[in-house]
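First listed ligand is number 1; within each ligand, the first listed atom is number 1. The chain is numbered in sequence order, starting from 1. The basis for the numbers below is simple: all heavy atoms, side chains too, and nothing from hydrogens, waters or symmetry mates.
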Amino acid sequence: MATTGEPIGAQAFIPAGARTLDELKAAAAGCEGCELYEGATQTVFGRGPAHARVVFVGEQPGDIEDQQGLPFVGPAGRLLREAVDDAAIDPAQVYITNAVKHFRFELRGRRRIHQTPGPAHITACRPWLVAEFALLEPKIVVVLGATAAKSLLGPAFRVTRSRGRLMPWPASAQHPEDFPVAEIQALATIHPSAVLRADDRDAAYKGLVEDLRVVAGALSR
Ligand code: SF4
């Protein structure tokens, strides 16, 4: 049990020699690598085909995702799917997952209010992300927002400064040795929930789509 002190991390729950994403998903359902499983409804694992050419990595499941057990099915997910369409990325070529796979929240009355995962949660959950990447062979990794950037690109990476630019992957990862894939590319952009929170939502949405058009362009080459 991971109720006090430093989380034990997800590594102990990852089946050795897992060969499919379904095997990982089944094992992740029982993960107790940090305390977030205690309050959440269920693990929300990644979703999409193993042959996907684009892998999107977000922050964590939200309230609706937690209840349905699927990533990006709430308002931010709907907005992301619209942006993927508007950028002309084939949704059949997308695998989507999160840096942290349980919903972190605080209770206010009966409402569950989103809380950003802390560094300990990001580190504890990272082995799932590494295990997913070991089975995926994307052409591009899209890093959505600061939490995913911390998990994949390191704490010093600033999405606002470096968004929309193709970077070499895994060379740009914080620990490239974790991602033994052929040379591909990565691109960071804002999380779709940041668009929903923006004062100028139209401008924020346009910026997200522009970044994703860079991805679409790279896929077509
Ligand atoms: S957030 Fe990640 S490490 Fe923590 S219990 Fe859930 S799946 Fe395991």
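Below 30°, between 30° and 60°, or above 60°: for Trp128 and Phe45 the angle between ring planes is above 60°, a perpendicular geometry.
A donor-acceptor contact closer than 3.5 angstrom is absent between the side chains of Gln115 and His121.
Of all protein N/O/S atoms, those under 2.8 Å from atom 8 (Fe) of ligand 1 are Cys31 SG, and waters are not counted.
If you number the atoms of ligand 1 from 1 as listed, the ones under 4.0 Å from a heavy atom of Val100 come out as 1 (S).
Here CZ of Arg47 is found 12.0 Å from CZ of Phe72. Values are rounded to the nearest 0.5 Å.
Contact of the Asn98 side chain with the Pro61 side chain is registered, since non-hydrogen atoms from C-beta on lie closer than 4.5 Å. For the pair Asp66 and Phe105, the minimum side-chain heavy-atom distance is 4.5 Å or more.
A donor-acceptor pair under 3.5 Å is formed between the side chain of Glu23 and the backbone N or O of Arg19.
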